[in-house]
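All remarks here apply to the structure that follows.
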Amino acid sequence: MQNVKSPSPTPPKSADGGKLATQSRGYWATVWRSLRRDPLSIVCATVLVGLVLIAVFAPLLAPHSPAESTMVNRLLPIGSAGYILGTDELGRDMLTRLMYGGRMSLVMGILPVVIAFVIGTSLGLMAGFFGGWVNTVVMRTTDVFFAFPAVLLAIAISGALGPGLGNSMLALTLVFIPPIARVAESVTTRVRMLDFVDAARASGAHSVTIIRIHVVNNVMGTVFIYATSLVSVCMILAAGLSFLGLGVKPPTPEWGLMLNTLRQSIYVQPWVSVLPGLMIFITSLCFNLLSDGLRGAMDLKR
Amino acid sequence: MFLYICRRIVYTVPIALAVAVVCFSLVHLAPGDPLSAVIPADAPAEVVERIVQAYGMDRPLPVQFFSWLGRAIQGDLGVSVATGRPVAGEISRALGSTFTLALAAALLGFLFGTLFGTVAAFLQGRWSDRLVTGIALFGVSVPHYWLGLLLVIIFSVQLDWLPSLGGGSGSFGERLPYLILPAVTMSFIPMGIVTRTVRSTVSELLGSEFVTSLRARGLSTVSIAKHVAKNAAPSVLAVMGLQFGYLLGGSILVETVFSWPGTGYLLNGAIFQRDIPLLQGIILTLSMFFVALNLLVDVLQTLFDPRIRRS
């Protein structure tokens with residue numbers, strides 16, 4: 001509510017489909033302006049972009065190959081010559097593996113939420129807009145998933161399906177669809193009651209048109225903020241599945257799995273073994289802070 | 001009131017039934033034949049047939065489901081493929097440890113969460129408020145299995161103060177040191193979330209008109225705090241209930257780090273030995289606890305705050 005101070009509040013979205021496009025650009029520009037003035041969000045965004053770039057360009061940046069192991073150099077401490085962050089239990093360079101590990105960890109942390117966002121929002125929009133039995137079927141189904149603690153559900157599904165990257169991603173996606181659908185449904189139900197939707201319907205617009213132009217634009221923002229807050233949960237959970245041995249298989253570098261295999265070495269090189277976990281922590285912290293910043297910036301409407 | 005509670009209980013029945021269906025279908029979600037762990041690969045066809053019949057796998061799925069459910073209600077969750085012992089016995093042995101751990105973590109997390117949240121709400125905007133918000137953020141952002149590992153490194157490896165593995169044996173006093181690290185590790189999640197909830201609820205109440213009028217009438221901070229606490233209780237309680245459920249069901253990672261002999265540790269073993277009956281039994285037990293806990297929280301919440309009773 002303190003954000004109302006902003007000089008250019010968003011104009012309420014009108015029923016005029018043609019005008020809407022320019023107005024939503026104005027809205028995002030306002031959000032961006034407000035976000036830019038928040039130093040914490042900028043730092044977090046920079047860190048995250050940096051992590052993504054490092055992961056993408058790992059082959060160019062990394063000093064060694066992620067699979068190159070020299071048994072003589074096993075478990076070197078941080079700061080060793082040629083191995084700035086030490087080596088793991090098979091003598092592989094930690095810095096290299098942390099760079100490569102970001103690929104799998106970031107994909108496993110972000111992709112399930114993106115897929116769940118698309119599916120969950122569609123389900124929530126349908127349930128909220130059409131109401132009636134569609135709503136009952138969708139929402140009662142999500143109720144069932146809410147009857148499980150999220151961590152248990154993810155582990156149960158990927159445990160039953162068996163270890164593997166695809167299975168754990170599927171499990172994570174299934175876990176995040178119900179909460180996103182529930183948020184989308186409640187916002188849609190509220191938007192549907194607004195006058196401009198009635199006006200559009202009275203002027204003969206088709207349901208699909210109304211949803212596409214009027215409802216989606218007004219629902220997306222809230223659901224998007226909510227989904228960004230789930231990314232940090234998904235990061236921790238995805239790495240957790242790998243930590244249990246349910247995600248990617250060795251020797252693929254992945255932060256959760258690296259933490260698992262280095263667990264045996266905490267008596268030899270404690271500070272090398274905690275590095276992969278530190279990466280998970282930094283990433284999830286940045287996503288959390290950025291999501292908070294985004295919530296503040298996008299809350300201009302209220 | 002009585003009617004509302006009855007309705008709420010009746011509403012739980014289909015949910016519980018659906019949860020049972022999900023648990024039951026986990027077996028069929030698993031790739032390959034669920035009996036592949038029992039049947040030797042070179043078994044002749046008639047032996048296979050006899051085993052399939054003995055497990056009732058030749059009957060239609062709905063029949064299988066209801067006979068499974070009927071036995072589950074009577075406490076018979078089948079036999080563990082790995083150990084050959086009844087699943088129910090294995091779970092009940094582990095359940096106590098999980099409960100102890102969840103309870104200890106909840107007590108720590110709720111106590112500090114409430115304390116931090118209240119302090120932050122009363123000191124809004126000052127550096128102490130920022131500090132507390134930071135702690136809460138740490139609690140929700142930190143991968144708790146990693147935090148557990150850090151604590152092991154500091155308190156077991158470096159300082160050698162506390163044991164790092166297992167649940168210990170003997171009297172409560174002898175087992176207590178084993179509980180400390182896992183409980184502290186797990187308490188950070190509910191602490192972060194309870195801090196956030198308490199802070200936002202209390203600060204909203206402090207800005208409300210009735211508190212202003214209490215202040216205007218010259219009430220002391222202590223008695224104002226009492227009024228605020230009474231009004232904040234229902235929503236904070238709901239969050240706490242949910243968090244306790246998450247602690248019970250989500251302890252697998254921490255239990256694995258500390259080899260804590262609870263349901264999570266058991267579940268980890270069941271997954272990797274492809275012990276589907278055990279896996280199914282653990283998930284069913286924990287999720288039924290969660291469903292019951294949700295019911296309890298809802299009922300308690302209405303008792304605290306009759307305004308919540310809707311439709």
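In what follows, chains carry the letters A, B, and so on, assigned in the order in which the sequence lines appear, proteins first and then strands, with residues in each chain numbered from 1. Since this is a predicted model, take the numbers as computed values, not measurements.
If you measure heavy-atom distances from A:Y267 to chain B, the contacts under 4.5 Å come from both the backbone and the side chain. Contacts of A:P163 with chain B are made by side-chain atoms alone, with heavy-atom separations under 4.5 Å and no backbone atom involved. Looking at B:L267, the atoms closer than 4.5 Å to chain A (heavy atoms on both sides) all sit in the side chain, from C-beta outward. Neither the backbone nor the side chain of A:A154 comes within contact range of chain B; no heavy atoms are under 4.5 Å apart. In this structure, chain B has a heavy atom under 4.5 Å from the backbone of A:F146, while its side chain stays farther away. Neither the backbone nor the side chain of A:N260 comes within contact range of chain B; no heavy atoms are under 4.5 Å apart. Looking at A:L278, both its backbone and its side chain come within 4.5 Å of chain B, counting heavy atoms on both sides.
With values rounded to the nearest 0.5 angstrom, B:L137 atom CG is found 5.5 Å from A:N288 atom CG. Here A:I282 contributes atom CD1 and B:S141 contributes atom OG; the two are 11.5 Å apart, rounded to the nearest 0.5 Å.
Surrounding CZ of B:F24 are more than 12 heavy atoms belonging to other residues, nucleotides or ligands, all under 6.0 Å away. The number of heavy atoms from other shown groups lying within 6.0 Å of CZ (A:R140) is above 12. Counting heavy-atom neighbours within 6.0 Å of B:F110 CZ, excluding the residue itself, gives a total above 12.
The aromatic rings of A:F281 and B:F138 lie perpendicular to each other, with more than 60° between the two planes, well past the 30° mark.
In terms of heavy atoms, A:G159 sits closest to B:L279 at C-CD1, 4.5 Å. In terms of heavy-atom proximity, B:A18 sits nearest to A:V144 at CB-CG2, 3.3 Å. The two residues A:L244 and B:F272 come nearest to each other via the heavy atoms O-CZ, 3.0 Å. Residues B:I153 and A:W271 share a closest heavy-atom pair of CG2-CH2, 3.8 Å. Of all heavy-atom pairs spanning A:G240 and B:L253, the tightest one is O-CD2, 3.4 Å. Smallest separation of non-hydrogen atoms from A:L152 and B:S287: CD2-N, 4.2 Å.
Taking B:S251, B:A16, B:A270, B:P143 one by one and counting their heavy-atom pairs under 4.5 Å with chain A, the maximum is reached by B:P143. Counting heavy-atom pairs closer than 4.5 Å to chain B, the top-ranked of the candidates A:L237, A:I155, A:D292 is A:I155. Put simply, of B:V152, B:V291, B:L149, the one with the most heavy-atom pairs under 4.5 Å next to chain A is B:L149.
No side-chain heavy atom of A:V151 sits under 4.5 Å from any side-chain heavy atom of B:Y246. Proximity of A:F148 to B:C23: side-chain heavy atoms (C-beta onward) are separated by under 4.5 Å at one or more points.
Using modelled atom types, one side-chain atom of B:Y145 and one backbone atom of A:I236 make a donor-acceptor pair closer than 3.5 Å.
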